[in-house]
Amino acid sequence: MTSTFSEESFGEEKRSLNFIETIIEEDIANRKNEARVHTRFPPEPNGYLHIGHAKSICLNFGMAEKYQGKCNLRFDDTNPEKEETEYVESIMDDVRWLGFQWDKEPYYASDYFEQLFEWAVLLIKKGLAYVDDQSQEVISQQRGTPTRPGIESPYRNRSVEENLDLFMRMKNGEFPNGSRVLRAKIDMSSPNMHMRDPVMYRILHAEHHRTDNTWKIYPMYDYAHGQSDYLEGITHSLCTLEFEVHRPLYDWFLDQIIETSYRPRQIEFARLNLSYTVMSKRKLLELVKNGHVNGWDDPRMPTIAGLRRRGYTPASIRAFADRIGVAKRDNVIDVGLLEFTVREDLNKIAPRVMAVLDPLKVVITNYPTGKIEYVELENNPEDPQSGTRNLAFGRELYIERDDFMVDPPSKYFRLAPGKEVRLKGAYVVRCESFETDTDGTVQTVFCTYDEETKSGTGPKQPKVKGTLHWVEASTAIDAEIRLYDRLFMDEDPAGHKDRDPLEFLNPDSLKIITGKLEPSLAGVVPDEKFQFQRIGYFCVDKDSKAGALVFNRTVLLKDNWAKQSGK
RNA sequence: UGCCCGAUGGUGUAAUUGGCAACACGUCUGACUCUGGAUCAGAAGAGUUCAGGUUCGACCCCUGAUCGGGCAACCA
């Protein structure tokens, strides 16, 4: 094994290789395929990319980066009935957003239709492919079952001439959909179902998003994928485990056409599963179509577009992909790990601001009426470069309703009658009294402040247990805050036989409230990210406008008090 | 009663290719803190699915079993 490429630069922790890196390094050491590394990310443009695809993207582009190779973006568009340009666009957006750059232009399997067709003709001439006139049902029956061998089609031994003629006429559109297929002649009794004379081409009179109506026949995945890899010079074709049984077929087709020593190799890894969510395109599409979420980029969706709108950063997703690793065993990653990686990134980069989501009025009774002063606050204690800002302080403020209790337990470090807290960046205040409405809900809390405790400059700096965030009432601005929670209440919503994942939908996955924010936020634009001090990370939604701000909650801060008091 | 994969703390991923298991998240302590965040220090938690075998020595090799996943679209 060469260690040339496994050495990490100084400061980075040195990690052991995953099984794919091990294979690649062996191949490089053996100078297989001239020691080139060329991968590809091959999505079908029939839906939006999700976090599982992000794993594949990071893997494929990551291997290319690590071994100074290349990675193609290739749209696997062999089924005109499901594929749309909208998806092509979104996929390119997502890959770019994650920070990867594909080699040259995006490729399309449809670019190879002509070549694929010629190779099909070649297979017919070699006696390795034939036109079958039977119906889908009959062909399916003849295929047998996993435990019973199939039987051969009566059309299996047609002459090359007849096959050629029929295949041409299929191509020319002379036959209706479903009337004939081209099949590879392999082995109807193979224990591997995929080798039982698989279909190579079907007749589809459908408009293709790129080739329009030129083609009346379309190649199947198995017939197109390996050859596409070959045409692009791919060396390591990484795909998920369910394609493992396809590998003999991948190799079989390549065997028939390859004349060089170069050959791509398919390697399978386990797809990502995330707890408390669903990951199949079909189920995600259902969520969108049935209106359980507001589109593919709804911040509750595990799509890349959804995560982006939720406030996740590319760095956090790449860090996530990094930590989950790559292996062949089935896995379910705790969604908490994803949340950890965003917090980790946002903690470093998100400016801190004051925002009160459930406001409770506080009156500082000994503070002059009408006076406003400005206190200085750090923008981000984690980032010394981020500077400070001035924030209005006055007699009437809002604090979080959770931060006051009439009759608190002993470990409660916040405001309560007779207790003192620090208002972050301002003064220490003491709660003298409070006022409730008729049903006992606290309406206003009355405090006194000590002018000498002013943050930083005051002569008295008493140690107080609690520090609260706050906003000054007359200058605070309102904003719509969208509080997102997990979409499903079950850890594995799709993992129950006889139960629809929709049964586990979380009815409280979105709550919309109006919060009070510090005025410096008036000019924010979509995608800006902040830490609402002591609450969590929030980002500006694309629906946000000046005067009608909208924030999405990305993730809460870790909250040991909630954990402790919840028990 | 087929074929192909896989099985290591709660969750993931490792173990210099045979020298008695490490890292991350999570959990729990404690310190620090003008964010009950972050940071720092520490702890608990698996003896590697099971049973045999080879070996001085097995997570690693062999045999068998068990459990889990995948395969019967003219989907990818």
Side-chain angles (χ1 to χ4, degrees), chain A residues 1 13 15-18 22 42-44 46 76-79 81-83 109 132 135-136 139-141 143-150 177-183 190-196 198-204 217-218 220-222 224-225 239-248 268 270 275 281 322-334 336-341 343-344 347-348 352 377-378 381-382 411-414 421-426 428 455-456 461 463-469 531-536 556-565:
Chain A
M1 172 166 57
E13 90 188 81
R15 285 181 314 171
S16 48
L17 304 177
N18 65 46
T22 305
E44 181 187 13
N46 69 343
D76 219 335
D77 55 351
T78 56
N79 186 353
E81 292 180 326
K82 290 188 180 171
E83 294 145 10
D132 195 331
S135 71
Q136 186 167 172
I139 289 177
S140 163
Q141 267 175 20
R143 189 153 15 238
T145 71
T147 53
R148 244 196 314 277
N177 286 359
S179 57
R180 284 179 171 82
V181 289
L182 183 72
R183 293 227 258 167
S190 169
N192 183 339
M193 298 289 295
H194 297 280
M195 300 299 273
R196 323 243 259 229
V199 172
M200 294 166 60
Y201 273 95
R202 74 284 214 191
I203 298 171
L204 244 33
I217 55 173
Y218 289 90
M220 300 289 292
Y221 166 85
D222 284 306
H225 203 89
C239 63
T240 44
L241 249 29
E242 67 269 27
F243 292 100
E244 204 153 22
V245 283
H246 294 242
R247 188 173 357 116
E268 311 83 12
S275 63
K281 274 190 197 172
D322 231 53
R323 282 170 200 255
I324 61 177
V326 186
K328 292 193 73 162
R329 77 183 83 128
D330 295 322
N331 62 85
V332 183
I333 309 288
D334 190 333
L337 185 62
L338 223 207
E339 293 173 345
F340 167 80
T341 59
R343 285 197 197 98
E344 181 183 48
N347 178 47
K348 289 182 297 194
R352 273 58 171 170
L377 281 133
E378 277 182 304
E382 303 290 323
K411 285 278 188 49
Y412 190 76
F413 300 155
R414 308 177 188 183
V421 294
R422 157 83 60 188
L423 293 176
K424 187 167 177 69
V428 172
S455 186
Q461 297 293 335
K463 290 262 181 225
V464 285
K465 271 291 195 185
T467 300
L468 307 188
H469 63 278
Q531 185 197 94
F532 287 1
Q533 202 94 179
R534 297 210 308 133
I535 302 173
L556 286 164
L557 248 34
K558 252 175 54 180
D559 189 349
N560 281 318
W561 167 244
K563 205 184 299 174
Q564 184 184 330
S565 59

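Proteins get letters first, then strands, A, B, ... in listed order; numbering begins at 1 in each.
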S.K.: Taking NZ, NE, NH1 and NH2 as the nitrogens, is one of them in A:K558 or A:E339 under 4.0 Å from a carboxylate oxygen of the other?
M.R.: no
S.K.: Of the non-hydrogen atoms in A:L377 and A:G425, which two are nearest, and what is the gap between them?
M.R.: CD2-CA, 4.1 Å
S.K.: How would you label the contact of A:K348 with the nucleic acid (heavy atoms, under 4.0 Å): base, sugar-phosphate, or nothing?
M.R.: nothing
S.K.: Applying a 4.0 Å non-hydrogen cut-off, can you work out what A:Y412 is touching in the nucleic acid: base, sugar-phosphate, or nothing?
M.R.: base
S.K.: In whole Å, what separates the P atom of B:rC75 from that of B:rA15?
M.R.: 41 Å
S.K.: Reckon A:F340 touches a base, only the sugar-phosphate, or nothing at all at heavy-atom distances under 4.0 Å?
M.R.: sugar-phosphate
S.K.: Does A:R202 place a side-chain N or O at less than 4.0 Å from the phosphate oxygens OP1/OP2 of B:rC75?
M.R.: yes
S.K.: Yes or no on side-chain contact (heavy atoms from CB on, under 4.5 Å) for A:M220 and A:M200, after CA distance, side-chain angles and deciding distance?
M.R.: CA-CA 5 Å; A:M220 300 289 292; A:M200 294 166 60; 5.7 Å; no
S.K.: Work out how far the P atom of B:rG53 is from that of B:rA14, and round it to whole angstrom.
M.R.: 31 Å
S.K.: Does a side-chain N or O from A:R534 land closer than 4.0 Å to OP1 or OP2 of B:rG36, or not?
M.R.: yes
S.K.: Under the criterion of centre distance below 5.5 Å and interplanar angle below 30°, is A:Y221 classified as stacked on the base of B:rA76?
M.R.: no
S.K.: Quick one: look up who B:rG26 pairs with, Watson-Crick or G-U, both distances under 3.5 Å, and put none if it's unpaired.
M.R.: none
S.K.: Classify the side chain of A:R414 and the base of B:rG36 as holding, or not holding, a donor-acceptor pair under 3.5 Å.
M.R.: yes
S.K.: Hey, is B:rG37 sitting syn or anti, using the within-90° cutoff around 0?
M.R.: anti
S.K.: In whole Å, what separates the C1' atom of B:rU11 from that of B:rA46?
M.R.: 13 Å
S.K.: Report the residue (A:V464 or A:I203) whose heavy-atom-nearest nucleotide on RNA chain B is the more 5′ of the two.
M.R.: A:V464
S.K.: Check every strand shown and say whether A:V181 touches a base, only sugar-phosphate, or nothing at a heavy-atom separation below 4.0 Å.
M.R.: base
S.K.: Both A:G456 and A:V332 contact RNA chain B. Taking the nearest nucleotide for each, which residue is further toward the 5' end?
M.R.: A:V332
S.K.: Please pick, from B:rG36, B:rA14, B:rU17, the nucleotide with the shortest atom-to-atom distance to any side-chain atom of A:A327.
M.R.: B:rA14
S.K.: What is the nucleic acid contact for A:R323, judged by heavy atoms within less than 4.0 Å: base, sugar-phosphate only, or nothing?
M.R.: sugar-phosphate
S.K.: Taking only N and O in the side chain of A:N560, is any of them less than 4.0 Å away from OP1 or OP2 of B:rG37?
M.R.: yes
S.K.: Have a look at B:rA24 and give me syn or anti from its glycosidic angle (syn if within 90° of zero).
M.R.: anti
S.K.: Tell which nucleotide pairs with B:rU33, taking only Watson-Crick or G-U wobble pairs whose two distances are both under 3.5 angstrom.
M.R.: none
S.K.: When all nucleic acid strands are considered with a 4.0 Å heavy-atom cut-off, which category describes A:Q531: base, sugar-phosphate, or nothing?
M.R.: base
S.K.: Please determine, for B:rC56, whether a Watson-Crick or G-U wobble partner exists with both distances under 3.5 Å, and give it or none.
M.R.: B:rG19
S.K.: So, does A:T78 get its side chain near the phosphate of B:rA76, meaning an N or O under 4.0 Å from OP1 or OP2?
M.R.: yes
S.K.: Base, sugar-phosphate or nothing for A:V326? Non-hydrogen atoms, less than 4.0 Å.
M.R.: sugar-phosphate
S.K.: Need the pair for B:rC67. Rule: Watson-Crick or G-U wobble, both distances under 3.5 Å, any strand; none if unpaired.
M.R.: B:rG6
S.K.: In whole Å, measure the gap between the P atoms of B:rC23 and B:rU55 for me.
M.R.: 35 Å
S.K.: How is A:H225 classified with respect to the nucleic acid when contacts are heavy atoms under 4.0 Å: base, sugar-phosphate, or nothing?
M.R.: nothing
S.K.: Mind checking the C1' distance from B:rG18 to B:rC40? Whole angstroms is fine.
M.R.: 39 Å
S.K.: Regarding A:Q461 and A:R422, is there a side-chain donor-to-acceptor distance under 3.5 Å anywhere?
M.R.: yes
S.K.: If you look at every strand shown and take non-hydrogen atoms under 4.0 Å, does A:R352 touch a base, only sugar-phosphate, or nothing?
M.R.: base
S.K.: Syn or anti for B:rU49, please, going by whether the chi angle lies within 90° of 0.
M.R.: anti
S.K.: Give every pair of a protein N or O atom and an N or O atom of nucleotides 4-8 of chain B that lie under 3.5 Å apart, one pair per line with the distance.
M.R.:
residue, atom, partner, partner atom, Å
B:rC5, O2', A:E244, OE1, 3.4
B:rU8, O4, A:R329, NH2, 3.2

S.K.: Which part of the nucleic acid does A:G466 contact within heavy-atom distance under 4.0 Å: base, sugar-phosphate only, or nothing?
M.R.: nothing
S.K.: Between the side-chain atoms of A:E382 and the base atoms of B:rG37, is any donor-acceptor pair under 3.5 Å?
M.R.: yes
S.K.: Determine the contact category for A:Y218: base if any of its heavy atoms lies under 4.0 Å from a base atom, sugar-phosphate if only primed atoms, P, OP1 or OP2 are that close, otherwise nothing.
M.R.: nothing
S.K.: Sticking with atom P, work out how far B:rU1 lies from B:rA65, rounded to a whole angstrom.
M.R.: 13 Å
S.K.: Counting any heavy atom closer than 4.0 Å, what does A:D559 reach on the DNA or RNA strands: base, sugar-phosphate only, or nothing?
M.R.: sugar-phosphate
S.K.: I'd like the C1' distance from B:rG10 over to B:rU27, given in whole Å.
M.R.: 9 Å
S.K.: A:S140 near the nucleic acid: base, sugar-phosphate alone, or nothing, with a heavy-atom cut-off under 4.0 Å?
M.R.: sugar-phosphate
S.K.: Checking side-chain polar atoms at under 3.5 Å, does A:H194 have a donor or acceptor matched by the opposite partner on A:D222?
M.R.: no
S.K.: Describe the nucleic acid contact of A:P248 in one word from base, sugar-phosphate, nothing, applying a heavy-atom distance below 4.0 Å.
M.R.: nothing
S.K.: Does B:rA38 have OP1 or OP2 under 4.0 Å away from a side-chain N or O of A:K558?
M.R.: yes
S.K.: Expressed as a whole number of Å, how far does the P atom of B:rC60 sit from that of B:rA51?
M.R.: 13 Å
